[in-house]
Amino acid sequence: MTPLLTAEAVTVRYGSLVALDAVDLRIPLGQRHALIGPNGAGKTTLLDVVAGATRPTAGRIRLGGRDVTGLGPAARARRGVGRIHQRPAVWGSLTARQNVLVAALPRAERPGRWHPTARRRAAGHTADALLDRVGLGDVAATPAGQLAHGQRRQLEIAVALAGRPRLLLLDEPAAGLSTVETGWLVEFLRRLPRAVAVLLVEHRLDLVYALCDTVTVLRDGRTLATGSPAEIRSSGPVRQAYAEGVT
Ligand SMILES: Nc1ncnc2c1ncn2[C@@H]1O[C@H](COP(=O)(O)OP(=O)(O)OP(=O)(O)O)[C@@H](O)[C@H]1O
Ligand SMILES: [Mg+2]
């Protein structure tokens, strides 16, 4: 079967720095895949390339077999790519609800069939349901800029889900979260329907092993290993790479 996401020999150069060097990645529908590796390994760069935010110097990205290398972030989002950033990215001056609404509206479009009011109502229902689902129902009317870090993380998840992604890119979603918030996040991600595939960048291996079916280890822009959590856990080179450089 055609994988949901294929990265083929993706290379990203910044001047003389090679951030990614011919990296391959294959994620089937519904798979939970982790991307781990030391600081500067190229993990965020690979998410940028998959999301369409960075154009690779060489290589191709396919979604469902279709070459999307030339498409930008908005077009990738329409094709089902959702993203959680390393630092929560929400509109600070908009309320939590408005943030989700902005993401839900395009998905509520039914050209020629629906009146704009009906569309707004449908998007409103989606936004309210998602805010409840991530536990932000009580702060729906609060400007996102006034929310605590953990709440902004929850909001960004709701915004990403409002776009109905088939592939969710998560860049260190547990960073800066308390133990309780991290527990919530893990439980939430475990319960995500399998219709949503996940590509998770995470330093905490306990979270990776709790959430993911497969793991790719990057170091200095190269793939060091890909395999099941058990295979990765017992890999000598991986343990060495970790001992050398994770903060
Ligand atoms: N826009 C850019 N211009 C120049 N160099 C960049 C740019 N973005 C990333 N880099 C470099 O590319 C390399 C990979 O960076 P990247 O952010 O992908 O690493 P990472 O694996 O996400 O690290 P971390 O675990 O610290 O988040 C680093 O050496 C970084 O300094
Ligand atoms: Mg990063």
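Worth knowing before you read on, the calculation uses all heavy atoms, side chains too, and leaves out hydrogens, waters and symmetry mates. For ligands, and for the atoms within them, numbers begin at 1 and follow the listed sequence.
D48 contributes no side-chain N or O that, together with a main-chain N or O of A53, makes up a donor-acceptor pair within less than 3.5 Å. R60 contributes no side-chain N or O that, together with a main-chain N or O of A9, makes up a donor-acceptor pair within less than 3.5 Å. Remark: side-chain polar atoms of H85 are not paired, donor with acceptor, to backbone N or O of V90 under 3.5 angstrom. Remark: the backbone N or O of G80 is not paired with any side-chain donor or acceptor of R164 at under 3.5 angstrom.
Residues passing the side chain to side chain contact (heavy atoms under 4.5 Å, CB included) test with A174, sequence neighbours excluded: T182, L185, E202, L207. Listed by chain and number, the residues in a salt bridge (charged side-chain N to carboxylate O under 4.0 Å, His left out) with R190 amount to none (sequence neighbours excluded).
Each of Y14, L17, A19, P38, N39, G40, A41, G42, K43, T44, T45, Q86, E172, H203 has a non-hydrogen atom positioned under 4.0 Å from some atom of ligand 1.
Listed by chain and number, T44 OG1, Q86 OE1 are the protein N/O/S atoms closer than 2.8 Å to the Mg ion (ligand 2), with waters left out.
Salt bridge absent: E156 and R152 never bring a charged side-chain N and a carboxylate O closer than 4.0 Å. A salt bridge links R194 to D213: at least one charged side-chain nitrogen sits closer than 4.0 Å to a carboxylate oxygen.
A donor and an acceptor atom, one from each side chain of T216 and T226, are located under 3.5 Å apart.
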